[in-house]
There are 2 protein chains.
Amino acid sequence: MSTKPSHHQRLTHQRRLVLEIIENSQEHPDAEAILLQARARDARISLATVYRALAFLKEAGLVQEHSLGQGHGHFEVAQSTPHYHFTCKQCARVIEFSAPEVIDIVRGLGEERGLQVTDVHLLLSGICDRCRSSQPALPHLADGSSHP
Amino acid sequence: MSTKPSHHQRLTHQRRLVLEIIENSQEHPDAEAILLQARARDARISLATVYRALAFLKEAGLVQEHSLGQGHGHFEVAQSTPHYHFTCKQCARVIEFSAPEVIDIVRGLGEERGLQVTDVHLLLSGICDRCRSSQPALPHLADGSSHP
DNA sequence: GTCCATGCAAACTGTTTGCACGCGC
DNA sequence: GCGCGTGCAAACAGTTTGCATGGAC
């Protein structure tokens, strides 16, 4: 959304800092992680400010929030090409992938049902390649019946 | 040998009650909604019990939890045919849809990347058909790209 | 009698908010 | 100066947990 800033100061030091941290992160940091990194560069920044900056940046369309199945939000810079996420249940690693077919499916559904779809999240979880291979041949992890 | 499970009483009155409520619900109730309905039939059931019952039923594979973009869990009976969810940002209505193509995409990705995918959530949000038509032409809710 | 499940309240996590101060314009 | 943005702490929502009691076998 590109409304012109009819009000005064918008992109403050702290907000810029939060944005930079997200931009420079290969991960998908959560608010706590962002706070930690922010504190390394500005000891007095508070968690509330991080959340407010995140809200601001989301509203500005610069940052997106994703729920990656861990009960709290994760953040990344808004990207023009849609992409989706796989979360490893074992090591919590997040792998991004693109799947262009998805938007076609979604578009079809939208038209079929009269829905105006503005957000699409395809979230996979399971065991990532690394964890699978470092694992002493477990027979059937697929059903998730037991374990830590 | 003993056909009994190694542990004793499993499917108690309260757990059955929670399960029935979810089964009979066309909606996707959250814990609070389940508590309310449960209280109508057993005044002394507690929220903690609801949560413990939900954990038990999930573990038993009878119930699934979904994050529908509202910051808290929603529950439904586990279904054999996978399906996905659209949440209306305006009226919070949840619409289910199936999209068989999705599992193919996911299967492809899994093989390609060596991931073992156990869970797939495709979550859409936007404006539902009802809200769109009952809407007196709102100026800028309709930016097709991303976001609020 | 043995355990597990329950109820209650308190703890906990992630996030939001009220209020007074403070910085940038 | 003025107003928005900040920091702090308290409030909040959703969920989990410790502990003593109660129920089903």
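Naming: A, B, ... by sequence-line order, numbering from 1 per chain.
- Note that the CD1 atom of B:I21 and the CD atom of B:Q37 stand 5.5 Å from one another [nearest 0.5 Å].
- Contact check for B:F56 versus B:L11: side-chain heavy atoms found under the 4.5 Å cut-off.
- Listed by chain and residue number, A:P82, A:F97, A:A99, A:V102, A:I103, A:V120, A:L122 satisfy the side-chain contact (heavy atoms from CB on, under 4.5 Å) test with A:Y84 (two or more places apart in sequence, or in another chain).
- Rounded to whole angstrom, the span from the CZ atom of A:R39 across to the C1' atom of D:dT6 amounts to 13 Å.
- Distances shown here put every side-chain N or O of A:R44 at or beyond 4.0 Å from the OP1 or OP2 atom of D:dC8.
- For the side-chain contact (heavy atoms from CB on, under 4.5 Å) test, residues two or more places apart in sequence or in another chain that qualify with A:E76 are A:H28, A:Q64, A:H66, A:Q79, A:H83, A:H85, A:E96.
- For A:R15, a side-chain nitrogen or oxygen approaches OP1 or OP2 of D:dG5 to under 4.0 Å.
- Residue B:H13 contributes atom NE2, which lies 16 Å from atom C1' of C:dC4 at whole-angstrom precision.
- Proximity of B:S46 to the phosphate of C:dC8: no side-chain N or O atom is located under 4.0 Å from OP1 or OP2.
- For the OP1/OP2 pair of C:dG24 and a distance below 4.0 Å, the side-chain nitrogens and oxygens of A:T12 include no atom meeting the criterion.
- In this structure, CD1 of A:I45 is placed 11 Å from C1' of D:dG5, rounded to the nearest angstrom.
- What separates CD of A:E59 from C1' of D:dG5 is a distance of 15 Å, to the nearest Å.
- Both B:I45 and B:L54 are members of a single hydrophobic cluster when ILVMFWY side chains are connected at heavy-atom separations under 4.5 Å.
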* Can you check each nucleotide of nucleotides 11-19 of chain C against protein heavy atoms at under 4.0 Å and return B for base, S for sugar-phosphate only, - for none, in 5' to 3' order? => ---SBBBB-
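- In terms of the side-chain contact (heavy atoms from CB on, under 4.5 Å) criterion, A:L36 has no residue partners (sequence neighbours excluded).
- Only one option out of A:V63, A:I34, A:T12 pairs with A:V18 in a side-chain contact (heavy atoms from CB on, under 4.5 Å); it is A:I34.
- D:dC4 atom C1' lies 14 Å from atom CG of A:L11, rounded to whole Å.
- Heavy atoms of other residues, nucleotides or ligands lying less than 6.0 angstrom from CD of B:E23 number more than 12.
- If you take CG of B:L17 and P of C:dT6, they are 11 Å apart, rounded to a whole angstrom.
- Between the axis at the start and the axis at the end of the helix from C:dG1-D:dC25 to C:dC25-D:dG1 there is an angle of 20°, using five pairs per end and rounding to 10 degrees.
- Between the CG atom of A:D42 and the P atom of D:dC8 there is a distance of 10 Å, given to the nearest Å.
- Remark: A:Q14 is not in phosphate contact with C:dC23, judged by side-chain N or O atoms under 4.0 Å from OP1 or OP2.
- For A:E20, the side chain to side chain donor-acceptor pair (under 3.5 Å) partners two or more places apart in sequence, or in a different chain, are A:R41.
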